[in-house]
2 protein chains.
Amino acid sequence: MELSDFLLSLTPFDTDELKDITSHFEEEFIPKNMRLIEQGQVCKKLYYIKKGMVRSYYLKEDGKEITQWFFNVGKFMSSVDSFFQQRPSLYYLETLEDSVVYSISKEKMDLLFSKYHKMEQLGRLASIEMLTKVVNKLNAIQFQSARERYEYMLAEFPDISHRVPLGYIASYLGMTSETLSRIRRG
Amino acid sequence: MELSDFLLSLTPFDTDELKDITSHFEEEFIPKNMRLIEQGQVCKKLYYIKKGMVRSYYLKEDGKEITQWFFNVGKFMSSVDSFFQQRPSLYYLETLEDSVVYSISKEKMDLLFSKYHKMEQLGRLASIEMLTKVVNKLNAIQFQSARERYEYMLAEFPDISHRVPLGYIASYLGMTSETLSRIRRG
DNA sequence: ATACTTTTTTGATTTAGGTCAAAGGAAACC
DNA sequence: GGTTTCCTTTGACCTAAATCAAAAAAGTAT
């Protein structure tokens, strides 16, 4: 989906507004397995994913990677609290495929927020949408068996489940690769 | 904290705006153990907690209550996606103590959102704050031992941890009452 | 205070899923 | 094409936490 269509799906901008807003984004081509931001850095950009896929992850004390979220085509993506509060990111962001994204800096985003009332609305709606999804995952993780969690994943991200390494999905679901492998076997 | 101070802490409203906004809220006194909304109902109000405490919970298939969140004094509280999307709530909301809240209907809230650009901003900031907290909990739950999860709880809600029944906290943390009791023993 | 209900604690037992280790398979690289 | 490295699968074993059950403690109501 094009950025402008995505924006329209959340808030009824008129053509001029849309043109102005999208002009603040920059297109970037990012190859597979590139980091967009490092743990500890302040996240400077918010991204819209035009093509490809991205994950956020962090390292546990023992050095193990924990995948925290998958960001699919047609969504905003960032290390959210790092971007909005401009503090060090707890996560890495990394492309899982060759990707095309539109990026915008915090300064430009703030400018759009203050210029357009509707842009604030969009920000609010997008945040609530994200909040709903995270709460969903939390419920899935909190009291379900490993198998049920995998089924939640299949329902929530059907396309992703077979496009990324098993180990990433396992840690996203709070289980080991071995367990997920056994679940998939049946 | 008074509602107006809370609003000011997020967004710099001027006095007239603040007066108008707070006038749309209604004060309500709600005794302990009252339900503010039922699972399956559309949530009609957003609340600010002036005094007291509230929890959200849902019932698993086997009838067990799972506490999903604790809402403390000085915060907004609602069945968020039910309120904003006006669809059936997945949760109950129930007071844990005699409480005083300020409530506002969806219609009035939408009116304020469209009247004041800054109100949208406030909505966005409050959503992101909530999002950050839920993500925190998710990380705690996803890969930590029962004991570590309890320690997260002590850090995040120090005041709550000893004010509500142990069973509520246990299910909030994704463990049984027995396990939490053993953890507390030492 | 007394009886009744609900919550918490404690102990014994079970089990889902983790850990460790090693073998197959797939990608990536020269 | 053949190494090398990484990823996934499989098996054996172990452990944290669940379940079951029953006693103790704390609340609530009469």
Side-chain angles (χ1 to χ4, degrees), chain A residues 31-35 52-53 55 57 59-67 70 92 94-98 137-154 160-186, chain B residues 31-35 52-53 55 57 59-67 70 92 94-98 137-154 160-186:
Chain A
K32 183 174 174 170
N33 293 330
M34 282 285 290
R35 296 225 186 107
M53 186 160 31
R55 70 169 180 140
Y57 70 96
L59 298 178
K60 282 211 299 182
E61 319 77 63
D62 63 7
K64 274 191 194 145
E65 290 182 3
I66 308 295
T67 295
F70 293 107
Y92 296 90
E94 182 182 83
T95 49
L96 293 164
E97 303 178 347
D98 293 346
K137 181 183 169 187
L138 185 55
N139 290 337
I141 294 268
Q142 187 162 352
F143 255 103
Q144 299 197 307
S145 67
R147 165 160 267 115
E148 287 169 321
R149 276 177 271 160
Y150 181 59
E151 277 153 13
Y152 143 82
M153 168 95 195
L154 288 178
I160 291 183
S161 318
H162 287 282
R163 245 160 83 200
V164 304
L166 172 143
Y168 294 177
I169 295 174
S171 74
Y172 173 82
L173 293 175
M175 65 184 76
T176 61
S177 303
E178 292 94 328
T179 297
L180 181 53
S181 173
R182 285 184 245 264
I183 286 172
R184 276 194 174 165
R185 188 177 44 185
Chain B
K32 183 174 174 171
N33 293 331
M34 282 286 290
R35 296 224 186 107
M53 187 159 30
R55 69 169 180 141
Y57 69 96
L59 298 179
K60 282 212 298 182
E61 319 77 62
D62 63 7
K64 275 192 192 145
E65 289 182 4
I66 309 296
T67 295
F70 294 108
Y92 297 90
E94 182 182 84
T95 49
L96 292 163
E97 302 178 347
D98 294 345
K137 181 183 169 187
L138 186 54
N139 290 337
I141 294 269
Q142 187 162 353
F143 254 103
Q144 300 198 305
S145 67
R147 166 160 266 116
E148 287 169 322
R149 276 177 271 159
Y150 181 59
E151 276 153 15
Y152 143 83
M153 168 95 194
L154 287 178
I160 290 183
S161 319
H162 287 281
R163 245 160 83 201
V164 305
L166 171 144
Y168 294 177
I169 294 175
S171 73
Y172 173 82
L173 293 175
M175 65 185 77
T176 61
S177 301
E178 291 94 326
T179 296
L180 181 54
S181 173
R182 284 185 244 263
I183 286 171
R184 277 194 174 166
R185 188 178 44 185

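Just so you know, these numbers use all the heavy atoms, side chains as well, and skip hydrogens, waters and symmetry mates. Letters go in sequence order (proteins before strands), and every chain restarts at 1.
- For B:S161, the side-chain contact (heavy atoms from CB on, under 4.5 Å) test picks out B:M153, B:L154, with sequence neighbours left out.
- Side-chain N or O atoms of A:D98 include one that pairs as donor or acceptor with a backbone N or O of A:K32 at under 3.5 Å.
- If you measure from atom OH of A:Y150 to atom P of C:dG17, you get 15 Å, rounded to the nearest angstrom.
- Note on the helix from C:dA1-D:dT30 to C:dA23-D:dT8: terminal axis deviation equals 50°, with five pairs used at each end and the result rounded to 10°.
- DNA chain D is contacted by both B:M175 and A:G167; A:G167 maps to the nucleotide lying nearer its 5′ end (nearest heavy atom per residue).
- Remark: B:E65 engages B:R55, B:Y57, B:L59, B:Y168 in a side-chain contact (heavy atoms from CB on, under 4.5 Å) (not counting sequence neighbours).
- Scored by the side-chain contact (heavy atoms from CB on, under 4.5 Å) test, A:A146 finds A:R149, A:M175, A:T179, A:I183 as partners (sequence neighbours excluded).
- By the salt bridge (charged side-chain N to carboxylate O under 4.0 Å, His left out) test, B:R163 is found to be paired with B:E97, B:D159, residues two or more places apart in sequence or in another chain being considered.
- Using modelled atom types, no side-chain atom of A:Q144 and backbone atom of A:N139 make a donor-acceptor pair closer than 3.5 Å.
- One distance of note links CD1 of B:I66 with CD of A:Q142; it measures 7.0 Å at 0.5 Å rounding.
- The stretch residues 137-148 of chain B touches DNA chain D through B:S145, B:A146, each having a heavy atom within less than 4.0 Å of the strand.
- Pairs engaging residues 168-186 of chain B under the salt bridge (charged side-chain N to carboxylate O under 4.0 Å, His left out) rule: none recorded [sequence neighbours left out].
- Residues B:L96 and B:F70 form a side-chain contact, since some pair of their non-hydrogen atoms from C-beta on lies under 4.5 Å apart.
- For the ring pair (Phe, Tyr, Trp, His ring centres under 6.0 Å) test, no residue two or more places apart in sequence or in another chain qualifies with B:F143.
- The CG atom of B:L96 sits 12 Å away from the P atom of C:dT7 (whole-angstrom rounding).
- Between B:S177 and B:G167 the shortest heavy-atom distance is OG-CA, 3.5 Å.
- Evaluation of the ring pair (Phe, Tyr, Trp, His ring centres under 6.0 Å) rule for B:Y150 yields no partner, not counting sequence neighbours.
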Shorter than 3.5 Å, N or O on both sides, protein versus nucleotides 22-26 of chain C: list them out with atom names.
none

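- The heavy-atom pair separating A:P31 from A:T95 by the smallest distance is O-OG1, 2.7 Å.
- Not a single donor-acceptor pair under 3.5 Å links the side chain of A:T67 to the backbone N or O of A:I169.
- At whole-Å resolution of the value, CG in B:N33 and P in C:dT6 are 12 Å apart.
- Note that the first and last nucleotides of DNA chain D, 5' to 3', having any atom under 4.0 angstrom from a heavy atom of chain A are D:dT8 to D:dA12.
- Within the 4.5 Å cutoff, the side chain of B:I141 has no heavy atoms near those of the B:Y152 side chain.
- Contacts between residues 177-186 of chain B and DNA chain D, defined by a heavy-atom separation below 4.0 Å, involve B:E178, B:T179, B:R182, listed by number.
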